[in-house]
Amino acid sequence: MPGILKENSVIVTDKKESSQIYNKGNFGYPLSGGSLELDLIEATFLLETGRLEVLCDGNAMTFESLFSYSSAASEGFDIRYMVYRDIRQRGFVVKAESSDLDLSVFPRGKTLSNSRPKYLVKAVSERTAFSTDAFMELAEMTSSKNKELLFGIVDEEGDMTYYLVSKRELSGSVPVTGSDVKADGKLIKDRVFVFDGEQSSSIRTNGSFGKTVGSVLQLSLIETCYLMSKDLIKEINTENGKRMKASDMVKFGRSAQDEFDLRSKAFSDMRDAGLVVKTGFKYGTHFRVYESDPDTCHARFLVHAVDGPRILMWPEISRAVRLAHGVKKEILFCRIKDKAEYLEFKRFRP
């Protein structure tokens, strides 16, 4: 018994056929009287797999004609269909969504009658761009529904890549506390040195700041500004004898380094949360982050600071995720807006 195309759905009126399609594959939505309504994505899949005939004005439609009709009727249908098809063929029950997200996916082996969706899916092309704000909004909306946000990315050859995107809360076990020892530093070029041994030791042991070169402690500009804000460094001497206070160091940092304020806010938020934060230069990102003493553990996170409107492209995200995975770390993007918030991108294999 064929289904009848009616605008943006296909209606199967035969009760036996309707029951079989619904019960064996969880396709469609039962109607009163025993009929079954299929949305276009389900009907196109069933037609492609030879499980349904679709009539339009009494004529049987080919897969090509139904796919073309659906693509004209619904913007982005081609991308959604490719993701839907891939997940369905992996054994999951998938339903279309009518919100900002495209699909809902039930746990493997579960059905509409014995479970609820686990994932909400956004199907996109590899060329689709999202702002950090948009990612955060989708992650928060999905989390509020107790679901996981899954992006299905279709590349130019039609292959699929999936990423779980979630908001993360960070905390560590290395708090920065006050000290009776107030250090003096010397600014040379774009870094600060603490030459006094007692002062170096005090700063080093109070949060694993900087790097010791012999008996001298070397600090980055961001570390120095943070330590001055915590009153652990009093003043900075320059090569020409000028003395710089905290506000002077911030101005100097802005003039000397790109995105200084952005990176400084992310750094301060993580250090206040008890994390040890070091440069991530060797990994092509802003920071590598430890949850405890770097002498006793490896960095768990790579963190890149971005502002809210910053556009992220999928090739950029893919490189970051693959690199982090290769060095056994997790990649986070720190969105700086009213406060610092963290987005995790994790490769997912359905």
Side-chain angles (χ1 to χ4, degrees), residues 79 82-83 86-87 90 100-105 117-156 159-171 259 262-263 265-267 269-270 273 275 277 280-291 298-337 339-350:
I79 297 296
M82 294 175 75
V83 174
D86 183 71
I87 298 176
R90 293 173 184 266
D100 292 333
L101 296 163
D102 299 310
L103 306 168
S104 57
V105 180
K118 181 176 182 180
Y119 306 104
L120 292 177
V121 182
K122 186 71 175 177
V124 297
S125 161
E126 67 168 302
R127 305 300 177 193
T128 305
F130 284 86
S131 69
T132 314
D133 284 343
F135 276 119
M136 187 64 74
E137 288 169 7
L138 288 175
E140 290 176 340
M141 179 182 71
T142 307
S143 178
S144 70
K145 297 179 179 181
N146 295 317
K147 307 289 190 299
E148 296 182 56
L149 175 60
L150 182 63
F151 276 84
I153 298 94
V154 184
D155 70 19
E156 59 187 19
D159 290 332
M160 308 292 157
T161 303
Y162 296 94
Y163 292 101
L164 285 170
V165 180
S166 60
K167 187 176 177 181
R168 287 291 297 268
E169 300 291 337
L170 302 185
S171 64
E259 299 181 321
L262 194 70
R263 293 185 296 113
K265 289 176 182 177
F267 179 92
D269 184 78
M270 289 185 283
L275 298 157
V277 186
F281 172 77
K282 68 177 70 175
Y283 302 109
T285 189
H286 287 147
F287 305 110
R288 68 186 195 275
V289 180
Y290 300 80
E291 291 182 302
H298 294 288
R300 179 175 178 180
F301 305 108
L302 297 179
V303 178
H304 202 77
V306 294
D307 59 23
R310 164 72 183 275
I311 298 298
L312 296 177
M313 301 297 295
W314 285 109
E316 174 187 8
I317 294 170
S318 177
R319 284 192 297 270
V321 172
R322 184 168 292 278
L323 187 150
H325 179 76
V327 294
K328 298 181 180 180
K329 302 187 190 329
E330 300 170 41
I331 183 68
L332 305 177
F333 287 88
C334 175
R335 181 186 72 160
I336 302 297
K337 202 170 183 181
K339 58 182 179 179
E341 295 178 293
Y342 302 88
L343 275 172
E344 179 180 19
F345 290 79
K346 185 185 297 184
R347 184 76 179 269
F348 178 76
R349 299 182 187 279

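Values below: every heavy atom of this structure, side chains too, minus hydrogens, waters and symmetry copies. In this text, all values refer to a predicted model and were calculated from it rather than measured experimentally.
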Participant: K337 pairs by salt bridge (Lys or Arg N to Asp or Glu O under 4.0 Å) with which of D133, D307, D269?
Facilitator: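 Single salt bridge (Lys or Arg N to Asp or Glu O under 4.0 Å) partner of K337 among D133, D307, D269: D133.
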
Participant: side-chain contact (heavy atoms from CB on, under 4.5 Å) for V289 and L170? Distances and angles first, verdict last.
Facilitator: CA-CA 10 Å; V289 180; L170 302 185; 5.5 Å; no

Participant: Counting distance only, does the side-chain N/O of T285 pair as donor-acceptor with the main-chain N or O of V303 below 3.5 Å?
Facilitator: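 Pair found, side chain donor or acceptor close to backbone of V303.
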
Participant: Could you walk me through whether F135 and F345 pass ring pair (Phe, Tyr, Trp, His ring centres under 6.0 Å), step by step?
Facilitator: CA-CA 10 Å; F135 276 119; F345 290 79; 5.1 Å; yes

Participant: Looking at Y119, F348, W314, which one forms a ring pair (Phe, Tyr, Trp, His ring centres under 6.0 Å) with Y163?
Facilitator: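 Testing Y163 for a ring pair (Phe, Tyr, Trp, His ring centres under 6.0 Å) against Y119, F348, W314 leaves exactly one candidate, W314.
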
Participant: Any Lys/Arg nitrogen of E316 or R310 sitting under 4.0 Å from an Asp/Glu carboxylate oxygen of the other?
Facilitator: yes

Participant: Once you round to the nearest 0.5 Å, how far does CG of L323 lie from CG of L302?
Facilitator: 7.0 Å

Participant: Looking at D102 and A123, what are the two nearest heavy atoms and their distance?
Facilitator: OD2-N, 2.8 Å

Participant: Minimum heavy-atom separation for G152 and V121, please, with both atom names.
Facilitator: N-CG1, 4.2 Å

Participant: If you round to the nearest 0.5 Å, how far is OG1 of T161 from CG of D86?
Facilitator: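 Taking CG in D86 and OG1 in T161, the distance rounds to 10.0 Å.
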
Participant: For K167, does the NZ atom have more than 12 heavy-atom neighbours from other residues, nucleotides or ligands under 6.0 Å away?
Facilitator: yes

Participant: Looking only at heavy atoms, what is the nearest atom pair of A139 and L343, with distance?
Facilitator: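 Minimum heavy-atom separation between A139 and L343: CB-CD2, 4.0 Å.
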
Participant: Taking all atoms of both residues into account, what is the closest heavy-atom pair of A320 and I331, and its distance?
Facilitator: CB-CG1, 4.0 Å

Participant: Are I153 and I317 close enough that some pair of their side-chain heavy atoms sits under 4.5 Å apart?
Facilitator: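 They are not in side-chain contact.
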
Participant: Evaluate the criterion side-chain contact (heavy atoms from CB on, under 4.5 Å) for residue pair E137 and D100; output intermediate values, then yes/no.
Facilitator: CA-CA 10 Å; E137 288 169 7; D100 292 333; over 6 Å; no

Participant: Could you check whether any side-chain N or O of K346 sits under 3.5 Å from a backbone N or O of E330, counting only pairs where one atom can act as donor and the other as acceptor?
Facilitator: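 The answer is no, because no donor-acceptor pair under 3.5 Å joins these two groups.
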
Participant: Could you measure the distance from the CE atom of M160 to the CE atom of M82? Nearest 0.5 Å is fine.
Facilitator: 4.0 Å

Participant: Rounded to the nearest 0.5 Å, how far does CE of M136 lie from OG of S131?
Facilitator: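 Result: 10.5 Å between the selected atoms.
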
Participant: How many angstroms lie between CZ in F151 and CG in L138, if you round to the nearest 0.5 Å?
Facilitator: 5.0 Å

Participant: Are T142 and V165 packed together at the side-chain level, in the sense that at least one heavy-atom pair is separated by less than 4.5 angstrom?
Facilitator: no

Participant: Between E126 and E156, is there a donor-acceptor pair closer than 3.5 Å when you use the side chain of the first and the backbone of the second?
Facilitator: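 Answer holds: yes.
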
Participant: If every non-hydrogen atom of L150 is compared with every non-hydrogen atom of Y162, which pair is closest and at what distance?
Facilitator: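 In terms of heavy atoms, the two residues are closest at CD1-CB, 3.9 Å.
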
Participant: Roughly how far apart are R127 CZ and D155 CG, rounded to 0.5 Å?
Facilitator: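 With rounding to 0.5 Å, CZ (R127) is 9.0 Å from CG (D155).
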
Participant: Looking only at non-hydrogen atoms, find the nearest pair between F287 and R263 and report the distance.
Facilitator: CZ-O, 3.4 Å

Participant: Applying the side-chain contact (heavy atoms from CB on, under 4.5 Å) criterion to F301, which one of R168, E344, K329 satisfies it?
Facilitator: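 The side-chain contact (heavy atoms from CB on, under 4.5 Å) with F301 is passed solely by R168 among R168, E344, K329.
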
